[in-house]
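Have a look at the structure below before the remarks.
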Amino acid sequence: MQAQRRLRLHGKYWKRWACGILSGALILWQRTLFSSMIRQLFLGLLVMLAALPLMRRLERRLPSSWAATLAMTGLSAGLGLFFLVLIPPLAGQARQIGTALPGLYRQIGELFRQGEEWLSRNGVALDQQMQETLLEKGELLLSDAAGSLTKRLNGVAGGIGRWMLAPVFAFYLLRDRRRITDWLLSLLPLNRREMTVRIVREMGRESVGYLRGQLLVSLAVGGFTGLGLLLCGVPSWLLLGFLMGLLELIPYVGPFLGGVLVALFAWPGGWSRMLWSLGVVVLVQQLEGGMLSPQLMSETTRLHPIVVLLCVMAGGAAGGITGVLLAIPAVLCLRAALRVIQLKRLEEQFEET
């Protein structure tokens, strides 16, 4: 009997290993297709998480299908109204910035010539070849930035189809999330299910709490920055506030890059406007660090600044902007899983004693 059980167990293990090897080979063979499918599911999951709080409230009084339909309809209507109100002025200000770039470059060249004259008066002379090289690099940088922006816009246009399918995926994920959860758990051994549920719940609690708090902080930073720049008389106040909100999603590095952009596009209005604009950025960042983040971010999702910077660097090297945005949630999920495993070990040791 024991020999037969061992043979059956070995047969199951070999089947699992064979299925795993075949699945890995298929994924490597069709990695482009699987990558596209994973991105689509990820977008659907993001939309589902955004609609989940409303879905849970509606489920108290309505069936799951009706609750999912109303939740997705409400979310789509709110986002559509938001973008209809926001996109036209953002596009107008982006066109204004595009037309102002040549004049801004000329002002930078004039500032460079003034600096060269000051250095020459103090005995430090720059040769003509160095000056021409720096100017050529500046022109190349602007042209590369324009080309990169065009590629990004084309990529956004090409990804509209994925974003249009995301609500469809989100609807079915919302409606059948309990069935999907039960099916996924049925794939696990019985002795691993309880531990897996605890790990997934802890990971979801930390990552969703972080993402929700970070989005609220970014929205507040973008709104306050845009309002302050409007009071300073910066023409592109809405676009710069929007960019500051987006860059706030990148810890520590993002606000610095946003401050550079604000200074660059406020400079044509004079040194006074640029300094006032930088003062707005500094004030909003102090408000974010002293009030917004402690109020909106959970204390359990805090990480040491060194860990955050290392995560941002590693995420950027591994996956670009997407890697930067997902690095900290991934670390939070890993930390949550390790904490649950440690607690489980402590519970087992306590039971043994």
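Residue numbers count from 1 along this sequence.
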Looking only at non-hydrogen atoms, find the nearest pair between Cys333 and Ser207 and report the distance. SG-CB, 3.8 Å

All salt bridge (charged side-chain N to carboxylate O under 4.0 Å, His left out) counterparts of Glu59, not counting sequence neighbours: Arg177, Arg178

Sequence neighbours excluded, which residues qualify as side chain to side chain contact (heavy atoms under 4.5 Å, CB included) partners of Tyr172? Val168, Arg175, Asp176

Lys/Arg-Asp/Glu bridge criterion (N-O < 4.0 Å) met for Glu347, Arg198: yes

Using the side chain to side chain contact (heavy atoms under 4.5 Å, CB included) criterion, which residues pair with Ala314? Sequence neighbours excluded. none

Show the nearest heavy-atom pair for residues Leu278 and Gly259, with the distance to one decimal. CD2-O, 3.7 Å

Do Leu332 and Arg335 come close enough that some side-chain heavy atom pair is under 4.5 Å? yes

Honestly curious: do Trp66 and Leu174 fall in one hydrophobic cluster under the side-chain, below-4.5 Å linking rule? no

Can Leu261 be reached from Trp276 by stepping across I, L, V, M, F, W or Y side chains whose heavy atoms are under 4.5 Å apart? no

One should read off an interatomic distance between Phe242 CZ and Leu247 CG, to the nearest 0.5 angstrom, of 10.0 Å

Any chance you could measure Leu185, atom CG, to Trp183, atom CH2, to the nearest 0.5 Å? 11.0 Å

Same cluster or not: Val197 versus Leu343, using hydrophobic residues (I, L, V, M, F, W, Y) connected whenever any side-chain heavy atoms lie under 4.5 Å apart? no

Residues in salt bridge (charged side-chain N to carboxylate O under 4.0 Å, His left out) with Arg201, at least two apart? none

Please answer: with hydrophobic residues joined when any side-chain heavy atoms are less than 4.5 Å apart, are Ile180 and Leu188 in the same cluster? no

Using the test salt bridge (charged side-chain N to carboxylate O under 4.0 Å, His left out), find all partners of Arg61 that sit at least two apart in sequence or belong to another chain. none

Donor-acceptor pairs are to be reported for all side-chain atoms of residues 283-290 against protein atoms at under 3.5 Å, with residues two or more places apart or in another chain.
from	atom 1	to	atom 2	distance (Å)
Gln285	NE2	Glu248	OE1	3.3
Glu288	OE2	Ser293	OG	2.5

Sequence neighbours excluded and cut-off under 3.5 Å, please list the side-chain donor-acceptor pairs for residues 42-57, or say none.
none

With a 4.5 Å cut-off on side-chain heavy-atom distances among I, L, V, M, F, W and Y, is there a chain of contacts connecting Ile250 to Val260? yes

Would you compute the distance between atom CG of Leu257 and atom CE of Met244 and round it to the nearest 0.5 angstrom? 9.5 Å

With clusters built from Ile, Leu, Val, Met, Phe, Trp and Tyr whose side-chain heavy atoms come within less than 4.5 Å, directly or transitively, what are the remaining members of the cluster of Leu338, listed by chain and number? Leu334

In the structure I gave you, are the side-chain heavy atoms of Pro329 and Leu211 within less than 4.5 Å of one another anywhere? yes

Would you please name every residue forming a side chain to side chain contact (heavy atoms under 4.5 Å, CB included) with Val200, sequence neighbours left out? Thr196

Name each donor-acceptor pair under 3.5 Å that joins a side chain in residues 67-90 to protein atoms two or more places apart or in another chain, with its distance.
from	atom 1	to	atom 2	distance (Å)
Thr69	OG1	Ser65	O	2.8
Thr73	OG1	Thr69	O	2.7
Ser76	OG	Met72	O	2.8

Distance-only donor-acceptor hits, side chain of residues 220-237, under 3.5 Å, sequence neighbours excluded:
from	atom 1	to	atom 2	distance (Å)
Thr225	OG1	Val221	O	2.7

Between Leu240 and Phe265, is there a side-chain heavy-atom distance shorter than 4.5 Å? yes

Cluster companions of Ile199 among Ile, Leu, Val, Met, Phe, Trp, Tyr (side-chain spacing under 4.5 Å): Met195, Met203, Val340, Ile341

